[in-house]
There are 2 protein chains.
Amino acid sequence: MEKLGLRERKKQRTRQALIEAAVRLFDDRGYDQVTVAEIADAAEVSPRTFFLHFQTKEDVLLANADVRVDLALQVIAERHAGEPLSEVLVRAMDRMIADAWDRDLSSGLAALRARLAASVPALQTRLLQRYLSAQAELAQALQRAFPARLDAITASALVGAMVGAVSAAALTALERGDGPDEARDAMRQAMALVARSVA
Amino acid sequence: MEKLGLRERKKQRTRQALIEAAVRLFDDRGYDQVTVAEIADAAEVSPRTFFLHFQTKEDVLLANADVRVDLALQVIAERHAGEPLSEVLVRAMDRMIADAWDRDLSSGLAALRARLAASVPALQTRLLQRYLSAQAELAQALQRAFPARLDAITASALVGAMVGAVSAAALTALERGDGPDEARDAMRQAMALVARSVA
DNA sequence: ATGTATTGTTACAGTGACTGTAGCGATTGA
DNA sequence: TCAATCGCTACAGTCACTGTAACAATACAT
């Protein structure tokens, strides 16, 4: 399983050093007050190397926060015959939230990430983008799963409402200083609100 | 009503020239292939002037968004006593949609924006940021207007669902080649879908 | 009308994110 | 041990964006 060669191990070490240097510096002085050059310097690599590992300055903080769209698609694919639309949709969203949550918590950087995401718009947006990029895909899968109930517009609107509600609720919770559990409850509450309009 | 002085009129003319130059250039050559310096040059102003009118290069394409939020806030502020939440919300959204149709959809600007946003990450990001701040403002106003019915989370979720649904529907309509009228109908349909969950 | 304050615009000089490229040196596989 | 690979570096460059001082046209007072 861990068959990484020496070269690859060194690469990962560099990557990790960049992440840790960035987190420490961001924590100390704030996101905007830290330049990429300084991060690279603290990690003892050249500035160019930073961008060989991360596409943007923001990405160094979201390195392990991938959203698994395929999980939601899987839920839709594996639905039981005759299962109501609202239940499938709720379960799919819940699955995505749970997965993203686990990764964030296990990374150990969840607190800093939440704090920075709440205060730096660029990070806020970048996080939400991961959910939004899944939107069209989800809508399409949902429409194919319920062709009799949903046209393309309705499917898009439904998924858009879900993602929009959950994202907005999560952000509001984070911004007012809620902890992880409360934020998660807020997301579920938002989900339930939209789910009512399907039934 | 139009009591603008000469100075202010010139300013607006400069602003409009920048917008039109930008739209034309973006349409011709694509977003990334146009520099701010070129836009300023085409509008016959200095590059510095561009940033006195728009915070970022992306903002020149989102010039009318602020006006729209103001319209919705106005609807909320001018509600009749005892008017149901669902009606106020629907009217506020409807007002924004109508304005969007007037300004952006009918002119084809919305279609260009959707096309560019789909392919340019920076534009996507900025658009999202605008939506987020607009949503937060709306949610706050809505909660203050209906403090007995809405907590902060529910208000955010509600507005997020509305905006998310309407945006997704509009995008889907535009992407499949619908005209301005069909796009507007799609937005209204999405709005009605979410509105059901309030009642 | 005339002087004064305001302000939209400008030129200039920066900072910092991000990219292309060529070369070096350490791993890798044969 | 030879050759190919590849992560990294240095260097030079583009471009979005900002601070600042100055200018000239407008606005406003007297």
Q: Using a strict 4.0 Å threshold on nitrogen-to-oxygen distance, state whether A:E83 and A:R91 make a salt bridge.
A: yes
Q: Can A:E8 and A:Q12 be counted as having a side-chain donor-acceptor contact under 3.5 angstrom?
A: yes
Q: When you check the phosphate oxygens OP1 and OP2 of C:dT7, does a side-chain N or O of B:K11 lie under 4.0 Å from one of them?
A: no
Q: Taking atom types as modelled, find out whether A:Q124 and B:Q129 have a side-chain donor-acceptor pair closer than 3.5 angstrom.
A: no
Q: Should we count CZ of A:F54 as having more than 12 external heavy atoms under 6.0 Å?
A: yes
Q: Side chain of A:K10: nearest nucleotide among C:dT27, C:dC18, C:dT7?
A: C:dT27
Q: Provide, to the nearest angstrom, the distance between the CZ atom belonging to B:R13 and the C1' atom belonging to C:dG8.
A: 13 Å
Q: For A:Y31, does the six-membered ring have the charged nitrogen or CZ of A:K57 within the cation-pi criterion, i.e. under 6.0 angstrom from the centroid and within 45° of the normal?
A: yes
Q: Considering residues, nucleotides and ligands other than B:Q55, do more than 12 of their heavy atoms fall under 6.0 Å from its CD?
A: no
Q: Using a heavy-atom cut-off of 4.0 Å to chain A, what are the terminal contacting nucleotides of DNA chain D, in 5' to 3' order?
A: D:dT5 to D:dA10
Q: Please step through side-chain contact (heavy atoms from CB on, under 4.5 Å) for the pair A:L85 and A:L142, ending with a clear verdict.
A: CA-CA 9 Å; A:L85 164 60; A:L142 203 66; 4.0 Å; yes
Q: Run the salt-bridge test on B:R29 and B:E38 with the 4.0 Å N-O cut-off and return the result as yes or no.
A: yes
Q: Rounded to 10°, tell me the angle between the two end axes of the helix from C:dA1-D:dT30 to C:dA30-D:dT1, each built from five pairs.
A: 20°
Q: Does a donor on one side chain sit under 3.5 Å from an acceptor on the other, for A:T154 and B:Q189?
A: yes
Q: In whole Å, what is the span from the CG atom of A:D59 to the P atom of C:dT19?
A: 11 Å
Q: For the pair made of CZ in A:R9 and P in C:dA26, what is the distance, rounded to whole Å?
A: 17 Å
Q: Report yes or no: is the cationic atom of B:R79 (NZ for Lys, CZ for Arg) closer than 6.0 Å to the six-membered ring centre of B:F146, at no more than 45° off its axis?
A: yes
Q: Would you say a side-chain N or O of A:T35 is under 4.0 Å from OP1 or OP2 of C:dT15?
A: no
Q: Consider only side-chain N and O atoms of B:S197 and A:S197, and report whether a donor and an acceptor are under 3.5 Å apart.
A: no
Q: In whole angstroms, how far is the C1' atom of C:dT27 from the CD atom of A:Q12?
A: 16 Å
Q: By a strict heavy-atom criterion of less than 4.0 Å, which residues belonging to residues 36-53 of chain A are in contact with DNA chain C?
A: A:V36, A:R48, A:F51
